[in-house]
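Presented below is the structure to which this report refers.
We name chains A, B, ... by the order of the sequence lines, and we start the count at 1 in each one. Nothing here was measured: the structure is a model prediction, and the numbers come from that model.
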Amino acid sequence: MGKLEGKVACITGGTRSIGRAMADAFVAEGAKVVVNGRDAEKGQRCLEEMGAGDDAAFFAGDASEQSTVEGLIDFTIETYGQLDICCLNSGGVKMTAPVAQMTDEEWTLEVDWNLNHVFWGMRRALQHMIPRESGRILVTSSVEGKLGKPGIPGYAATKHAVNGLMKAAAQEVGTLGITVNSILPGLIETDIVRETGPESAIAMGLDGYDALIDLFTQESAIKRPNRVEEVAAVAVLLASDAGRNITGNMFPVDGGTMPY
Amino acid sequence: MGLLDGQVACVTGGTRGIGRGTAEAFLREGASVVVNGRSEEKGARALEEMGGGDQVHFIAGDVKSRGGCEAIVNGTVEHFGRIDILFANAGGAKDHAPVAELTDASMQDSLEWNFWHTFWTMQTALGHMIPQGSGRIIAMSSVEGKAGKPGIAIYVAAKHAINGLVKSAAQEVGTLGITVNAVCPGAIETDIMKAEGPGAAEAMGLESYEALLDIFAQQSAIKRLNEVTDVAEVCVLLASEAGAGITGSLLSIDGGTSPY
């Protein structure tokens with residue numbers, strides 16, 4: 001008997017890395033899952049690799065667009081009849097820069113991708129969950145949701161913002177059987193970090209990608225990056241019945257990086 | 001296949017309440033468990049009720065002395081051959097009073113029961129875990145380890161101190177495969193709470209024990225108290241392999257009470 005038997009989840013940015021690990025863990029615990037990603041081909045590959053048959057589906061679209069996020073939630077409900085667990089996981093940066101050099105284009109992208117996406121998804125999911133008086137909303141924040149490194153101001157600002165959004169929403173629906181939490185991972189070497197890390201390192205005034213990884217890991221107690229499985233295990237706990245009394249919480253998975 | 005197969009755990013104050021619930025969860029996940037308490041008779045009854053056979057063992061002892069704490073942790077190693085998980089759970093406070101009227105004796109008692117006990121058991125456990133190159137230490141803190149209510153300063157101070165101890169220790173052993181975390185639950189109606197709650201309510205200037213419970217519930221988002229299993233399942237996660245990347249954390253299990 002899995003911990004999520006009979007539950008339905010959707011995950012933005014679910015075909016790879018953290019989102020994918022959540023999807024795999026949810027399916028292993030008996031849930032049905034819709035994963036989202038921009039690339040239909042990668043989505044199909046993801047479904048094949050997951051091997052969950054009818055218990056997993058893919059919804060294509062860019063999570064920085066409102067139509068995708070709302071579409072994902074509607075599609076999940078249409079496909080599986082309900083939505084119990086909404087993971088607003090997608091996020092990142094493209095061409096980050098220090099504040100003085102930040103372009104409006106990049107800033108807007110980061111706000112849409114990291115913050116607005118979470119708001120759009122949370123609002124749509126809550127409209128479905130409130131009448132049912134049950135649900136779980138999980139937001140993937142970051143250690144940068146409590147800290148702030150130079151060169152990634154948009155990321156730090158938006159990850160802080162989703163924590164505030166999460167706290168307010170948790171208070172709004174606390175007595176309705178719905179929990180709202182964020183997970184704050186330390187650096188994880190995901191595909192997106194590998195893709196955009198070299199550019200981020202330059203913006204942060206570092207020597208290269210390896211120096212970026214080193215900076216994050218040296219700030220932790222464990223002196224290594226975190227792992228996607230570590231985040232997925234926390235997501236399962238928060239999504240399960242055992243997580244019903246944990247809400248409004250910024251759950252750290254950061255190897256001892258954040259001071260509070 | 002349990003999440004803690006082959007592991008050995010030691011739970012102080014493990015015959016009742018949160019300690020007992022967590023000991024049972026550890027047992028369910030395949031660990032061998034030592035539970036500690038002051039009373040031989042209550043210990044024997046706990047073992048009977050838990051029904052864990054040879055997988056569970058009781059060590060009588062008072063955690064308010066270094067000798068008692070060392071005997072509990074070393075006794076675990078003597079009985080089961082090792083210690084992988086320490087849950088320094090025992091604690092509480094009695095003879096509450098506002099700071100202006102506090103006696104040295106009640107402050108001393110609370111510090112020994114909560115803080116010194118955590119330090120003594122942690123230090124003894126680290127003596128085994130550091131050479132072993134692995135281990136999990138979980139300290140029982142409280143929502144009062146992050147905030148402070150009037151009238152219960154002896155408890156608030158001790159729980160804040162535990163959180164500081166946890167953070168430093170986590171940094172010290174972060175690369176040695178050992179994690180050190182604190183769990184910070186909201187109010188839970190355990191036997192200790194029932195015993196000491198009325199006195200705490202009086203020191204806080206409240207009308208009754210029920211008024212005390214109501215304050216805790218009303219400060220949360222869920223407007224109800226937490227439950228033993230909430231804490232037990234977080235402890236399982238921290239103790240498991242998936243918890244390897246979580247250390248130095250003060251994990252709120254408080255239904256959305258703590259602001260950080």
Side-chain angles (χ1 to χ4, degrees), chain A residues 3 21 25 146 163-164 166-181 183-188 217 219-238 240-260, chain B residues 3 25 146 163-164 166-181 183-188 217-238 240-260:
Chain A
K3 291 172 183 161
K146 287 188 175 179
N163 288 340
M166 174 280 294
K167 287 185 201 177
Q171 298 295 327
E172 291 171 4
V173 297
T175 58
L176 301 177
I178 302 167
T179 70
V180 190
N181 290 287
I183 302 176
L184 283 61
L187 179 88
I188 297 181
T217 55
E219 285 182 354
S220 74
I222 58 177
K223 310 298 179 200
R224 64 161 172 84
N226 278 94
R227 301 185 181 119
V228 293
E229 295 79 10
E230 296 165 353
V231 180
V234 170
V236 168
L237 173 75
L238 294 173
S240 72
D241 189 54
R244 68 190 175 280
N245 292 327
I246 303 176
T247 192
N249 191 19
M250 298 174 281
F251 207 109
V253 186
D254 70 345
T257 299
M258 294 180 291
Y260 72 96
Chain B
L3 292 172
K146 292 185 174 183
N163 288 349
V166 160
K167 288 185 201 177
S168 277
Q171 296 296 327
E172 290 170 6
V173 298
T175 58
L176 303 177
I178 303 167
T179 69
V180 189
N181 290 288
V183 286
C184 303
I188 297 177
Q218 289 308 316
Q219 285 183 350
S220 74
I222 58 176
K223 309 299 179 201
R224 62 174 187 271
L225 302 180
N226 277 93
E227 296 165 52
V228 167
T229 53
D230 303 343
V231 182
E233 297 307 323
V234 171
C235 288
V236 167
L237 172 73
L238 291 173
S240 72
E241 179 55 33
I246 304 176
T247 193
S249 288
L250 318 176
L251 295 160
S252 290
I253 308 166
D254 65 359
T257 301
S258 180
Y260 73 97

Legend entry - Among A:Pro252, A:Ala242, A:Gly177, residue most engaged with chain B (heavy-atom pairs, under 4.5 Å):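 That would be A:Pro252.
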
Inset, instruction - Could you tell me which of A:Gly248, A:Ala221, A:Ala170 has the largest number of non-hydrogen atom pairs under 4.5 Å with chain B? - result: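 Among A:Gly248, A:Ala221, A:Ala170, the one with the most close pairs to chain B is A:Ala221.
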
Check whether [X] gets within reach of chain A through its side chain, its backbone, both or neither, counting any heavy atom under 4.5 Å.
{"X": "B:Val236", "value": "neither"}
{"X": "B:Ile188", "value": "neither"}
{"X": "B:Glu227", "value": "both"}
{"X": "B:Thr179", "value": "neither"}
{"X": "B:Ala244", "value": "both"}

Region of [X] in contact with chain B, defined by heavy-atom distances below 4.5 Å:
{"X": "A:Val234", "result": "both"}
{"X": "A:Asp254", "result": "both"}
{"X": "A:Pro259", "result": "backbone"}
{"X": "A:Thr179", "result": "neither"}

Backbone N/O of [Y] and side chain of [X]: donor-acceptor pair under 3.5 Å:
{"X": "A:Asn226", "Y": "A:Ile188", "answer": "no"}
{"X": "A:Asn245", "Y": "B:Gly255", "answer": "no"}
{"X": "B:Lys146", "Y": "B:Tyr260", "answer": "yes"}

Approximate separation, where rounding is to 0.5 Å, of [X] [atom1] and [Y] [atom2]:
{"X": "A:Met166", "Y": "A:Met250", "atom1": "CE", "atom2": "CE", "result": "5.5 Å"}
{"X": "A:Ile222", "Y": "B:Leu176", "atom1": "CD1", "atom2": "CG", "result": "12.0 Å"}
{"X": "A:Leu184", "Y": "A:Phe251", "atom1": "CG", "atom2": "CZ", "result": "10.5 Å"}

Just so I understand: if I count every heavy-atom pair under 4.5 Å between each of [options] and chain A, which residue has the most?
{"options": "B:Gly256, B:Pro259, B:Gly245", "value": "B:Gly245"}
{"options": "B:Ser258, B:Ser252, B:Ser249", "value": "B:Ser252"}
{"options": "B:Asn181, B:Ile246, B:Thr257, B:Ile253", "value": "B:Ile246"}

Legend entry - side chain to side chain contact (heavy atoms under 4.5 Å, CB included) partner of B:Val234, the single match among B:Val231, B:Leu238, B:Asp230: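 So, applying the side chain to side chain contact (heavy atoms under 4.5 Å, CB included) to B:Val234 and each of B:Val231, B:Leu238, B:Asp230, only B:Leu238 qualifies.
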
Legend entry - Pair A:Glu219 + A:Arg224, salt bridge at N-O below 4.0 Å: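 No, this pair does not count.
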
Legend entry - Set of residues satisfying side-chain contact (heavy atoms from CB on, under 4.5 Å) with respect to B:Lys167, sequence neighbours excluded: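 Checked B:Lys167 against side-chain contact (heavy atoms from CB on, under 4.5 Å); matches are B:Leu250.
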
